[in-house]
Amino acid sequence: GEDVEQSLFLSVREGDSSVINCTYTDSSSTYLYWYKQEPGAGLQLLTYIFSNMDMKQDQRLTVLLNKKDKHLSLRIADTQTGDSAIYFCAEKRSGGSYIPTFGRGTSLIVHP
Amino acid sequence: KAGVTQTPRYLIKTRGQQVTLSCSPISGHRSVSWYQQTPGQGLQFLFEYFSETQRNKGNFPGRFSGRQFSNSRSEMNVSTLELGDSALYLCASSSDPGTGNTEAFFGQGTRLTVV
């Protein structure tokens with residue numbers, strides 16, 4: 001199976017909360033990231049969480065980490081049409097190549 | 001501070017040709033990584049260069065190669081192009097991903113179409 005897995009699509013109504021989920025396999029992951037890719041653009045780092053944290057909040061974004069289940073989620077409160085993009089989960093492991101491993105990305109579609 | 005610049009933005013090539021893509025990292029960044037993004041495979045790591053040396057390599061055939069110059073600018077080359085090489089090629093730079101949590105900054109990518 002893949003190292004980092006995400007569902008491919010999520011559709012929400014404007015104003016609702018969005019929750020994008022990610023699972024990873026390597027328990028030695030030290031940093032876990034969420035990147036956003038808008039159409040025609042590269043990836044932009046949204047937020048990250050260190051593996052000894054359970055939660056991180058940054059304005060409308062909340063990251064939850066369940067290290068036991070190797071599950072990471074990104075919650076976007078009050079989702080806006082401008083949040084429509086592809087969201088990538090990535091992990092960076094201690095030791096090894098320290099190059100982040102990315103999931104395939106979740107396309108978030110926000111409709112009015 | 002200028003961001004990561006990739007040139008060209010769009011490229012159309014025919015099968016069997018070769019192509020060279022360029023990436024200029026953020027000033028002061030010494031690490032440059034290359035990724036291939038396709039709808040089917042997602043974001044796949046190609047290679048990483050640091051101080052003119054290839055430090056990490058993904059699982060791609062030898063047709064994919066790269067180099068880094070003394071000013072940290074990097075090029076990647078794909079020889080004998082195949083239709084399946086059509087993709088968005090992304091470059092990312094960072095100060096040094098090996099030293100803990102250093103953010104990778106991505107360029108806008110080069111869209112390569114092989115016909």
Side-chain angles (χ1 to χ4, degrees), chain A residues 1-9 20 22-26 28-53 56 58 63 65 72 85-108, chain B residues 2-10 21 23-26 29-50 53-60 66 87-111:
Chain A
E2 292 183 357
D3 294 330
V4 180
E5 291 195 7
Q6 304 176 238
S7 53
L8 293 182
F9 299 100
I20 303 171
C22 169
T23 57
Y24 58 97
T25 56
D26 197 321
S28 70
S29 296
T30 52
Y31 294 98
L32 295 131
Y33 304 88
W34 285 104
Y35 283 83
K36 178 183 181 182
Q37 184 181 33
E38 296 181 352
L43 276 67
Q44 174 195 1
L45 180 66
L46 276 180
T47 187
Y48 69 92
I49 190 167
F50 189 52
S51 59
N52 67 354
M53 298 167 66
K56 182 177 181 182
D58 183 2
V63 179
L65 175 61
L72 182 74
I86 302 175
Y87 290 81
F88 290 89
C89 168
E91 60 164 355
K92 188 158 78 170
R93 302 167 187 177
S94 61
S97 74
Y98 46 78
I99 298 294
T101 301
F102 287 84
R104 291 195 179 194
T106 299
S107 288
L108 174 65
Chain B
V4 178
T5 303
Q6 291 189 245
T7 56
R9 289 290 311 278
Y10 303 93
L21 312 181
C23 172
S24 293
I26 290 172
H29 284 187
R30 293 163 65 192
S31 168
V32 174
S33 298
W34 288 91
Y35 294 83
Q36 181 195 65
Q37 185 179 14
T38 58
Q41 298 296 318
L43 204 65
Q44 304 226 293
F45 171 69
L46 280 154
F47 27 66
E48 183 232 359
Y49 285 86
F50 182 81
T53 301
Q54 188 181 86
R55 195 161 63 167
N56 292 285
K57 189 175 186 305
N59 191 25
F60 276 80
L88 180 67
Y89 290 87
L90 291 165
C91 161
S93 82
S94 67
S95 51
D96 185 355
T99 56
N101 183 31
T102 55
E103 181 178 350
F105 293 84
F106 283 81
Q108 289 187 292
T110 295
R111 171 76 62 186

Quiz item: So which of L45(A), L43(A), I86(A) has the biggest tally of heavy-atom pairs under 4.5 Å with chain B?
Solution: L43(A)
So for [X], is it side chain, backbone, both, or neither that comes closer than 4.5 Å to the heavy atoms of chain A?
| X | result |
| --- | --- |
| A104(B) | both |
| Q37(B) | side chain |
| Y35(B) | side chain |
| R9(B) | side chain |

Practice problem: Answer with yes or no whether the side chains of Q6(A) and T106(A) bring together a donor and an acceptor at under 3.5 Å. | Solution: yes
Exercise. Determine whether the side chains of Y89(B) and Q36(B) contain a donor N or O and an acceptor N or O closer than 3.5 Å.
Key: yes
Quiz item: Is it the side chain or the backbone of F88(A) that comes within 4.5 Å of chain B heavy atoms, both, or neither?
Solution: side chain
Exercise. Identify which part of Q44(A) has an atom lying under 4.5 Å from any heavy atom of chain B, answering side chain, backbone, both or neither.
Key: neither
Quiz item: Under 6.0 Å from the six-membered ring centre of Y10(B) and within 45° of its axis: does the NZ or CZ of R111(B) meet both?
Solution: no
Practice problem: Enumerate the residue pairs fulfilling salt bridge (Lys or Arg N to Asp or Glu O under 4.0 Å) with a member in residues 35-44 of chain B, sequence neighbours excluded, ordered by first and then second residue. | Solution: none
Quiz item: Looking only at atom types and distance, does a side-chain atom of Y87(A) sit under 3.5 Å from a main-chain N or O of S107(A), one as donor and one as acceptor?
Solution: no
Practice problem: List for me each residue that meets side-chain contact (heavy atoms from CB on, under 4.5 Å) alongside T47(A), sequence neighbours excluded, and say none if there are none. | Solution: W34(A), K56(A), V63(A), L74(A)
